[in-house]
Amino acid sequence: MSSTVIFQIQSFLILALIYLGVYHRKNRALHVKIMSSAIIWDLLLILQIEFTRSAILKASKVMTNPMLLKIHLFFSIGSVVLYVLMVLTGRKILAGEKGVQKKHKTLGWTTLVFRTMTVITSFWAAWPQATA
Ligand code: HEM
């Protein structure tokens with residue numbers, strides 16, 4: 001099995017974990033556990049990709065359409081930025097701060113869209129021949 005396939009399977013499992021965490025959004029303890037695990041796993045996945053093949057550099061070489069890579073990077077970098085905001089707002093809710101819940105909710109659904117788009121667009125970056 002190629003490293004690309006292993007990365008994509010992990011990426012899909014992380015997304016499934018995030019959907020499970022959103023499903024359990026009313027169960028605080030479980031929600032926090034699932035989301036924290038998913039975020040840590042996702043960061044570890046980025047490190048794996050970076051250390052095995054220096055993803056961004058290689059992808060920009062093999063991509064037939066650099067626009068597709070840019071769209072993929074927009075969603076994947078956006079997801080990581082959103083993770084930071086999710087942890088910050090989530091911790092504030094846990095600390096009992098008022099008025100953050102709405103922000104966490106809006107950002108949460110945005111994160112879900114961004115992370116889903118990351119998986120969809122990763123097929124462009126990983127399998128450039130399919131777009132040719
Ligand atoms: C990808 C990451 C995450 C997503 C997509 C996400 C999404 C959501 C959503 C949609 C809700 C429901 C809001 C509502 O209906 O009012 C929620 C609630 C909540 N989230 Fe997250 N979340 C994420 C990460 C986190 C993290 C890392 C923490 C803690 C550090 C956290 C703590 C909470 C808490 C405390 C609630 C309130 C639960 C309740 O209603 O009692 N979330 N989250």
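Numbering of ligands and ligand atoms starts at 1, following listing order. All residue numbers in this chain count up from 1 along the given sequence. This one's a predicted model, so the numbers in the text were calculated from it and none came from an experiment.
In terms of protein heavy-atom proximity, atom 36 (C) of ligand 1 is closest to Ile93 CD1, 4.1 Å. What sits closest to atom 39 (C) of ligand 1 on the protein, heavy atoms only, is Arg28 NE, 3.5 Å. For atom 28 (C) of ligand 1, the closest non-hydrogen atom on the protein side is Gly90 CA, 3.8 Å. Among protein heavy atoms, atom 26 (C) of ligand 1 sits closest to Met86 O, 4.0 Å. Scanning all protein heavy atoms for the shortest distance to atom 37 (C) of ligand 1 gives Gln101 NE2, 3.9 Å. Leu94 CD2, 3.5 Å is the protein heavy atom nearest to atom 35 (C) of ligand 1. Among protein heavy atoms, the minimum distance from atom 38 (C) of ligand 1 is reached at Arg25 O, 3.3 Å. Considering only non-hydrogen protein atoms, atom 5 (C) of ligand 1 sits nearest to Gly108 O, 3.5 Å.
Note on ring orientation: taking the six-membered ring where Trp is involved, the planes of Phe114 and Phe74 are tilted (angle from 30° to 60°).
Ligand-side atoms of ligand 1 in range of Lys105: 13 (C), 14 (C), 15 (O), 16 (O), range being under 4.0 angstrom from any heavy atom. Within ligand 1, the atoms closer than 4.0 Å to a non-hydrogen atom of Lys26 are 14 (C), 15 (O), 16 (O), numbered from 1 in the order shown.
Side chains of Arg115 and Ser11: a donor-acceptor N/O pair is present below 3.5 angstrom, by distance only.
Rounded to the nearest 0.5 Å, atoms CG (Leu43) and OH (Tyr83) are 7.5 Å apart. Atom CG of Leu107 and atom CG of Leu82 lie 6.5 Å apart (nearest 0.5 Å). One distance of note links NZ of Lys105 with CD1 of Ile93; it measures 11.0 Å at 0.5 Å rounding. For the atom pair Met35 CE and Met86 CE, the distance stands at 7.0 Å (nearest 0.5 Å). For the atom pair Leu15 CG and Ile120 CD1, the distance stands at 8.5 Å (nearest 0.5 Å). One finds the CZ atom of Phe12 at 10.0 Å from the OG1 atom of Thr116 (value rounded to the nearest 0.5 Å).
Not a single donor-acceptor pair under 3.5 Å links the side chain of Arg25 to the backbone N or O of Leu20. A donor-acceptor pair under 3.5 Å is absent between the side-chain atoms of His24 and the main chain of His31, judged by distance alone.
With distances taken over non-hydrogen atoms, the option nearest atom 29 (C) of ligand 1 out of Val32, Val113, Leu112, Val100 is Val32.
Inclusion of Thr111 in the set of residues having an N or O under 3.5 Å from an N or O of ligand 1 is not warranted. The N/O atoms of His31, backbone and side chain alike, include one that comes under 3.5 Å of an N/O atom in ligand 1. Residue His104 places at least one N or O, backbone or side chain, under 3.5 Å from an N or O of ligand 1.
Contacts of Met35 with ligand 1, taken as heavy-atom pairs under 4.0 Å, involve the side chain alone.
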